[in-house]
Amino acid sequence: MPLSLRPPRAGKTPNYEIRGTHLGFRVETSSGTPKRSVALKQLKRIEECIEDHGQWPAPKSEPDPGEPTFLSAAIAYMRDGGSRRYVAPLIRHFGARPLPEMTQKALDEAAIEMLPTGAPDYRNRAVYTPVIAILRHVLKDNCPPFRRPKGAKGRTKKDFMWPADAFAILTEADKIDPEFGLYLRLLLYTGIRKSEGLQALAADTKPEERAAWLRTSKNEDPRMLKLREDIVGPLAKHLESHTGDRLFKFNDGGHFKHMLMRAKLAACGLPCPKRRPTGWKAPEHKYAFVGFHTFRHTWATWMRRYGGADVQGLTETGNWRDPRSAARYSHVVAREEWDRVDNLPSMGIKRGMTGND
């Protein structure tokens, strides 16, 4: 009987099973996914493996002790300061596979096997990007080119908030925790990412100079931030009673994200539990599109709409490295145009406030 799919069975398995015989080799295994289309792809890979090797899974060849492997390459990459994120599951998957076997096919199969229901952009982020970075680190110019999965960049989002909407959320965030409201203002008026705001150091924040130094970013480039006058005073006051190296006390996680949900629902006049109960789902509301990254998009949109910034040189600010990424927003701001940040909408906080006020 050729290989076929057996549907998920209630109480036994939520996934499709692959059963049958191909070229005389018997197979009975889980596809690892409840999605039929993905299970069919796994069935096809099993057939190809049997045709190539006469068995499934493929036989594991013992690597030459002197031959570089993915494991040795990953260790060297991390020792030299490479990001450890996503590397552990890749090591578990590839193990000591010799580097010549790290082909496009091996990478594509790993992405599907490790993340059978993962979106293309997540597969790219969790599999393709770290593997390619590891291989480029050790092979340098000899690293072969790799294709990213179709849809690797995900869906381009250009959502932004109008001033009244942003200020409504900020007002409620202040009520939840003034430090949280200040954190959101820093995102709104500098365009930094959520992680960059959480990693900012207190020692690098100088309200008296209206500046903050960001030591690292998503693209690993440090940059200077210009602070608006109306957040200089609150930042200076915050630093007076602040303890710890990081500028803000928050850690990224479910509770931190729920704080933003509370502010959004409160701005809509809707109730929200202080802590997210298990299984709780937020009601429909007009700010459902707002996430932490929306504050970055809003900064860019405001800089263009209210600050009069031209579509040129945004990469010089450090917010975007790739000009194509900058251009897709039409939110471009050159370093010499930083003063435009003072033209952005304000909640009416007294201008001219400094750290000494």
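Keep in mind that this is a model prediction, so the values were computed, not measured. Values below: every heavy atom of this structure, side chains too, minus hydrogens, waters and symmetry copies.
Rounded to the nearest 0.5 angstrom, S195 OG and H293 NE2 are separated by 9.5 Å. Taking CG from L186 and CG from L198, the interatomic distance works out to 10.5 Å, rounded to the nearest 0.5 Å. Distance check: L182 CG to D174 CG gives 8.5 Å after rounding to the nearest 0.5 Å. Between the OG atom of S30 and the CD atom of Q42 there is a distance of 9.0 Å, given to the nearest 0.5 Å.
With hydrogens and angles disregarded, a donor-acceptor distance shorter than 3.5 Å links the side chain of E196 to the backbone of R193. In this structure, the side chain of Q55 engages the main chain of P57 through a donor-acceptor pair within 3.5 Å. Without hydrogens or angle criteria, T69 side chain to S72 main chain gives a donor-acceptor distance under 3.5 Å. With hydrogens and angles ignored, the 3.5 Å screen pairs a side-chain donor or acceptor of T298 with a backbone N or O of M161.
At a threshold of 4.5 Å between non-hydrogen side-chain atoms, the residues M224 and L214 do not count as touching. With contacts defined as side-chain heavy-atom distances shorter than 4.5 Å, the pair L201/L247 does not qualify. You'll find the side chain of M102 reaches within 4.5 Å of the side chain of V131, heavy atoms only. Taking the side chain as every heavy atom from C-beta outward, Y189 and L227 never approach each other to under 4.5 Å. Between L188 and L170, some side-chain heavy-atom pair lies under the 4.5 Å cut-off. Using a 4.5 Å cut-off on side-chain heavy atoms (C-beta onward), L239 and P207 make contact. With a 4.5 Å cut-off on side-chain heavy atoms, W299 and L187 do not count as touching. No side-chain heavy atom of S31 sits less than 4.5 Å from a side-chain heavy atom of V38.
In this structure, W213 has no ring-ring contact (aromatic ring centres under 6.0 Å, His included) partners at least two apart in sequence or on a different chain. Listed by chain and residue number, K105 satisfy the salt bridge (Lys or Arg N to Asp or Glu O under 4.0 Å) test with D52 (two or more places apart in sequence, or in another chain). The ring-ring contact (aromatic ring centres under 6.0 Å, His included) test applied to H285 returns no partner, not counting sequence neighbours. Residues passing the ring-ring contact (aromatic ring centres under 6.0 Å, His included) test with F248 are Y183, H238, sequence neighbours excluded.
The pair E172-K175 meets the salt-bridge criterion, since a charged nitrogen lies less than 4.0 angstrom from a carboxylate oxygen.
Every pair passing ring pair (Phe, Tyr, Trp, His ring centres under 6.0 Å) that includes a residue from residues 76-112 is listed here, sequence neighbours excluded: F70-F94, Y77-H137. Note on residues 3-31: pairs passing salt bridge (charged side-chain N to carboxylate O under 4.0 Å, His left out), not counting sequence neighbours, are R6-E17, R9-E17, R19-E28, R26-E28. For residues 244-254, the set of pairs meeting the side-chain hydrogen bond (donor to acceptor under 3.5 Å, both in side chains) definition, not counting sequence neighbours, comprises D177-K249, K194-D252, R246-N251.
If you look at F292 and F256, their ring centroids are closer than 6.0 Å.
Smallest separation of non-hydrogen atoms from K264 and A288: NZ-O, 4.0 Å. What you find for T294 and F289 is that their closest heavy atoms are OG1-O, 3.4 Å. The minimum heavy-atom distance between L270 and P283, with the atom names listed, is CD1-CG, 4.2 Å. Considering all non-hydrogen atoms of both residues, H242 and A202 come closest at CD2-CB, 3.7 Å. Contact detail for I176 and A263: the closest heavy-atom pair is CD1-N, 3.6 Å. Annotation for L184 and A173: closest pair CD1-CB, 3.7 Å, computed over non-hydrogen atoms.
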With a 3.5 Å cut-off and sequence neighbours excluded, list the donor-acceptor pairs that the side chains of residues 162-169 form with protein atoms.
| unit_1 | atom_1 | unit_2 | atom_2 | d |
| --- | --- | --- | --- | --- |
| D165 | OD1 | Y287 | OH | 2.8 |

Give the table of side-chain donor-acceptor pairs shorter than 3.5 Å for residues 141-152, with sequence neighbours excluded, one pair per line with atom names and distance.
| unit_1 | atom_1 | unit_2 | atom_2 | d |
| --- | --- | --- | --- | --- |
| R148 | NH1 | N124 | OD1 | 2.9 |
| R148 | NH1 | T129 | OG1 | 2.7 |

Donor-acceptor pairs under 3.5 Å, side chain of residues 106-115 to any protein atom, not counting sequence neighbours: which ones?
| unit_1 | atom_1 | unit_2 | atom_2 | d |
| --- | --- | --- | --- | --- |
| D108 | OD1 | Q104 | NE2 | 3.0 |
| D108 | OD1 | Y128 | OH | 2.5 |

Just list the side-chain donor-acceptor pairs under 3.5 Å for residues 272-279, sequence neighbours left out, or say none.
| unit_1 | atom_1 | unit_2 | atom_2 | d |
| --- | --- | --- | --- | --- |
| R275 | NH1 | H255 | ND1 | 3.3 |
| R276 | NH2 | W280 | O | 3.1 |

Going through the checks in order, is the side-chain contact (heavy atoms from CB on, under 4.5 Å) test met by M78 and I91? CA-CA 12 Å; M78 292 187 289; I91 289 177; 4.1 Å; yes
Checking side-chain contact (heavy atoms from CB on, under 4.5 Å) for the pair T171/M347: CA distance, chi angles, key distance, verdict? CA-CA 9 Å; T171 298; M347 291 182 69; 3.2 Å; yes
Would H22 and E51 count as a side chain to side chain donor-acceptor pair (under 3.5 Å) if you check the C-alpha gap in whole Å, the side-chain angles of each, and the deciding distance to 0.1 Å? CA-CA 8 Å; H22 187 65; E51 292 166 3; 3.0 Å; yes
Checking side-chain contact (heavy atoms from CB on, under 4.5 Å) for the pair V127/Y122: CA distance, chi angles, key distance, verdict? CA-CA 8 Å; V127 179; Y122 182 57; over 6 Å; no
Could you go step by step and tell me if R223 and I192 meet the side-chain contact (heavy atoms from CB on, under 4.5 Å) rule? CA-CA 10 Å; R223 66 180 185 274; I192 60 175; 3.5 Å; yes
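For the 3.5 Å distance criterion, the side chains of S346 and D230 qualify, holding a donor opposite an acceptor.
Here F25 is tied into one hydrophobic group with L3, L5, Y16, I18, L23, V27, L40, L43, I46, I50, W56, each link being a pair of ILVMFWY side chains closer than 4.5 Å.
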